[in-house]
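No hydrogens, no waters, no symmetry mates; every other heavy atom, side chains included, goes into these values.
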Amino acid sequence: MKRLLVTLFFLPALVFAQYDSKLDSLNKAYEGTTDIKEKARIKVKMVDIYLTIDRQKAKTEIESVLALDNDGDCLECLALGHFFYGHYHASGGDLKNAIVYYEKASELAQKAGDTFLYRKSRAWIAQEYLSNKMFDETEKVLTNLIAEVEEDEDKTGIEDNYFLLAILDYERGFLNRSIENYINVEKNIQPDNPLADVYRFKVYNNIAQCYRELKKYGSSLEYIDAGLEMARKKKDTFNVMNLLLNKGITEVVLGDPSKGTGHLKSTYGYFTDIGEKYFQGSSALFLGIGFQKQDSLQSSIVYLDSAETIYTELGDSLSLAETLSAKATNNLTLGNNTTALDQSDKAYGLIKHWEFSPIQIEVLKNHIDVLIENGALERAVPLLREKDSLEAILTDRMEAEKFYELEAKYQTEKKEQEISLLSARNKLSEQRRKNQKILYIGLLGLFLAIASLLFYGYRNKLRTAERIKELDTLKSRFFANVSHEFRTPLTLIKSPVQQLRSISDGTNQKQLDLIDNNADRMLELVNQLLELSKIEGGQLKIILKKGNVSSFLNTLLEPFQFRAKEEGVPFEVNVQISEEPHYFDRDILAKIVVNLLSNAFKYREGGPVSFVSRIHNERLELEIENHNGQVKEKDLPKFFERFYQKDGTAVGFGIGLALVKNLVTICEGSIHASLDKRKVMISVEMPLKKDLKDAILIEENNNSHSDQQEQVIKIESDEVPVLLIADDHPDIRTVLKDIFKEDFTILEASNGEEAFGLAQKEIPDMIISDIMMPKKDGYALVKELKENELTSSVPIVLLTAKAGDEARLKGLLTQADGYLTKPFNHKIVKATVHQLLHERKKLQERYSRELILRPVDIAINTADERFIQRLETVMDAELTNPDFTTDDFASRMNLSRMQLHRKLKSLLGVSATEFVRNERLKAAAELLKNPKLSIAEVAYSSGFNEATYFSKCFKDVYGLSPSDFRKTT
């Protein structure tokens, strides 16, 4: 197949009419600046243009860039000059000198601290090796560079490296690996990359080509169509035509040449008009092949002649070989066997010394056919062996990694255990029958032996009961041990399945989803088995804590309300509101409610699911109801047995209800099932008291402020951090307030719009937000908060009823700092919030250690960078002004005094007054390095009215007096 993979940094050239205006504007910019580094950056932009139209002029301009380093104080100028000298030699085909200059550029860029230019130079070295088929050298450079970037927080340029690695794998025939690396490109495209869209077009285009080589034409066309949709939205004509070219080739290969040649005619005209020879040649070649397949040989000859001319001019031997091979096929059809043999010999001569390429196989196949038609069988035989060898290499390199299935092994072991248990039970049953037979014989025989026979039977029953109990104990221990062992193979199943899903072409998606879903189901069963084992082993402890039951139940119900809405299931909820706190175990109650509702949804057959709760005489009453026509009255007593299965049906009830019954029992409660006209109701009754047997009681102090007092507290205090809770459900807000009321000043909002306004006004230290809210959802709220200068540095945790990896990924991609699902664990929520605040505190501490303010190092995102840059602008203007107050500071920043105070506290950990003082002291520390200035002059130059006050402040911060500090510098 034809290779369409373009070089990494290839972009369509500017049309010539644009060059003059572009160069004029660059010349004006060059004359208008005095900054040497800026001059160098402008000059290399001019070099980039001249390399296209006038190489000699480009060389002159490169020399002028190097000349900017007059006094040896512009390493960046030297690095840029050597980098573009590399371009200069590369454009002239001088590989050796190009690599020498790129190596020198990377060395200079590293010394200058220019990470971007360093990585770009290394990537161009790899590209030059790749362009010249030096594959081992290419792989070595790329492997080292990717390892360096992966270890660095700054991932600039990593997409370039993966792109080149993908092309390398393609050139070597490792198509699956090539696709994987293209996916890595898309995953690692940096947000600030100006060519992000161009990368995606190329990634989609090249993945499509790999799938075409793998003969997965459906997947190939899917990626092309996805890329076309993106390119058309961006109105990027060049990439639209590039993708159409790939689509035309795929359709020709797939067997739809009439449709393919239609696309290729458009691309041939477009690339001819803009003078893009490479893509013009590709269009011409496959137009020739397409018309050949339609038996339009005259049209085929015209386009193949055009392709031959272009590839001869470009020096592309591989593409020229493919063109000559296609022309030989035409001549063979026309009966020109001698001409066909001559062309085929030339094609084979061009490819026979290549290390490996899929095109070699196509050319070899055609060459063998031509030799056979010309009667040259002796020449054809060794070529057949060569073709078979190349096909074997290709098959080996294209083979995907094997996925080993553990399910069959697990099922076999499980059945063996079930057979053993069943055998033991059969033996016990047989023993019972024997005992009864002996008893009947004794009753018919001797009356005097009745007492002894009864005693014998009773003793056997005791032994049987003991053996059954031992078997149950062994069974529980077996389930516990097996459950623990299942976790490792399940993890080894899920991890590769998730990797395969990420690279799947869609054909196996249903099977992969089935494996993943059943692995999740098995994990759920494992957890339930472990819970049952813990109960039966007496290891489960009841932990009673005072709280609001109705609020807690509402948090448990919210995920099911969300699920019901998504699935279109009527879900009726009636939770009796109770303001009085009660003692209950949150974990146990959560397991009971979640298991009952999960079963109600799972086994529902039409009709609504309902949930009712009420508190009566210090007892919690729950009723869960659904419709199920298969359940009969005789099934109800066995509802709570493990893995109970109805006669004549494959439907089983698992261990969820058995677990619920055990949990209710240890809490001294009761549970039973009832049936009324196809409605199945499960009723639970549990005590809400603190004197349960073997329960651990946790009492809370009562020194917390009331909710009303919390809302009135002013936020000017630096001692208590501020937490904003945004959720449209008042009970959820109440639960969260109970968790954090000891550590935070609490603010509340019932929708996203209210939360955004409150966050701008008060600038909290932390925000916890639901996703599904009226007026503005959580995703939109996070986006606006992160883009706003006042709130961009505030950590945000998203809390939602929507579970699943996709929802979690979407939340994190919106720049949320944390993502938790409902029902949530209180300790995890609290730990997450405190960890985020701790990380924020470490960033704030960095400020106090910096000698000068550096926004790129301190800021979290671009909004913070803009804010810090504004701070620097104001401080540069007012640093020496001793009358500059915090009110003036707030006015200059277009903020209220409180907003400035909160923003500085959130971002840098200091108040406005401390910030001004610290910046003045940092400036003073720099001035003290000049021995010609007196201490008083330094003080006044730094904006202090009095030298004594300056000395005091300086010693407080630096631990040394100004004079002692000067001695140490």
Side-chain angles (χ1 to χ4, degrees), residues 1-7 10 12-13 15-16 52-53 55 91-93 131-133 209 238 241-242 244-249 252-253 257 260-354 357-360 362-367 370:
M1 294 301 107
K2 175 65 183 157
R3 295 169 303 139
L4 281 180
L5 297 172
V6 295
T7 53
F10 175 85
V15 293
F16 287 101
T52 306
I53 59 175
R55 292 185 71 248
S91 65
S131 299
N132 288 273
K133 312 303 175 189
Q209 184 175 342
F238 181 86
M241 300 309 291
N242 192 0
L244 278 177
L245 170 58
N246 203 351
K247 188 169 186 177
I249 294 172
V252 167
V253 174
T261 52
H263 293 312
L264 292 169
K265 283 180 181 179
S266 301
T267 62
Y268 181 77
Y270 172 78
F271 289 122
T272 301
D273 289 342
I274 68 170
E276 178 41 65
K277 292 288 187 182
Y278 182 84
F279 294 107
Q280 181 189 356
S282 297
S283 302
L285 171 57
F286 278 90
L287 275 168
I289 294 173
F291 282 121
Q292 186 183 87
K293 290 188 175 184
Q294 297 176 73
D295 297 325
S296 300
L297 296 187
Q298 291 303 318
S299 297
S300 176
I301 290 168
V302 170
Y303 283 110
L304 289 175
D305 286 344
S306 174
E308 182 180 3
T309 302
I310 292 168
Y311 288 133
T312 302
E313 179 184 338
L314 291 174
D316 187 343
S317 59
L318 202 59
S319 299
L320 181 59
E322 192 172 12
T323 304
L324 290 171
S325 182
K327 292 185 74 172
T329 301
N330 277 347
N331 280 305
L332 208 60
T333 304
L334 293 169
N336 303 325
N337 289 10
T338 303
T339 305
L341 182 58
D342 181 56
Q343 290 170 334
S344 186
D345 278 335
K346 289 179 181 177
Y348 176 67
L350 289 168
I351 60 97
K352 67 179 180 179
H353 297 301
W354 277 71
S357 170
I359 294 176
Q360 289 175 282
E362 297 297 322
V363 174
L364 267 173
K365 285 179 181 177
N366 288 344
H367 191 43
V370 173

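Across all non-hydrogen atoms, the minimal contact from His263 to Gly248 is CB-CA, 4.1 Å. Between Leu324 and Ala347, the shortest heavy-atom distance links the atoms CB-CB, 3.9 Å.
Every residue meeting the salt bridge (charged side-chain N to carboxylate O under 4.0 Å, His left out) condition with Lys327, not counting sequence neighbours, appears here in chain and number order: Asp305, Glu308. In this view, Thr339 and Asn331, Asn336, Gln343 satisfy the side-chain contact (heavy atoms from CB on, under 4.5 Å) rule, not counting sequence neighbours. Under the side-chain contact (heavy atoms from CB on, under 4.5 Å) criterion, Ala284 pairs with Tyr268, Ser306, Ala307, not counting sequence neighbours. With sequence neighbours left out, the side-chain contact (heavy atoms from CB on, under 4.5 Å) criterion links Thr267 to Met241, Leu244, Leu245, Leu264, Phe271, Ser283. With sequence neighbours left out, Thr272 forms a side chain to side chain donor-acceptor pair (under 3.5 Å) with Gln280. The salt bridge (charged side-chain N to carboxylate O under 4.0 Å, His left out) search around Lys346 returns Asp342, not counting sequence neighbours.
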Just distance, no hydrogens or angles: give the donor-acceptor pairs under 3.5 Å from side chains in residues 290-297, sequence neighbours left out.
| residue | atom | partner | partner atom | Å |
| --- | --- | --- | --- | --- |
| Gln292 | NE2 | Ala326 | O | 2.9 |
| Gln292 | NE2 | Asn330 | OD1 | 2.9 |
| Lys293 | NZ | Val252 | O | 3.0 |
| Gln294 | NE2 | Pro257 | O | 3.4 |
| Gln294 | NE2 | Thr261 | OG1 | 3.4 |
| Gln294 | NE2 | Gly290 | O | 3.3 |

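Leu304 contributes atom CG, which lies 10.5 Å from atom OH of Tyr311 (distance to the nearest 0.5 angstrom). Separating the CD1 atom in Ile249 from the CG atom in Leu287 is a distance of 9.5 Å, to the nearest 0.5 Å. Rounding to the nearest 0.5 angstrom, the gap separating the CG atom in Asn246 from the CZ atom in Phe286 is 9.5 Å. Interatomic distance, CG of Asn366 versus CG of Leu332, reported as 9.0 Å (0.5 Å rounding). With rounding to the nearest 0.5 angstrom, the NZ atom of Lys365 is 12.5 Å from the OG1 atom of Thr329. Note that the CG atom of Leu320 and the OG atom of Ser325 stand 11.0 Å from one another [nearest 0.5 Å].
Within the structure, no pair that satisfies the salt bridge (charged side-chain N to carboxylate O under 4.0 Å, His left out) test touches residues 280-290, not counting sequence neighbours. Sorted by first and then second residue, the salt bridge (charged side-chain N to carboxylate O under 4.0 Å, His left out) pairs involving residues 264-275 (not counting sequence neighbours) form an empty list.
Under the 4.5 Å side-chain criterion, counting only non-hydrogen atoms from C-beta, Ile274 is not in contact with Phe279.
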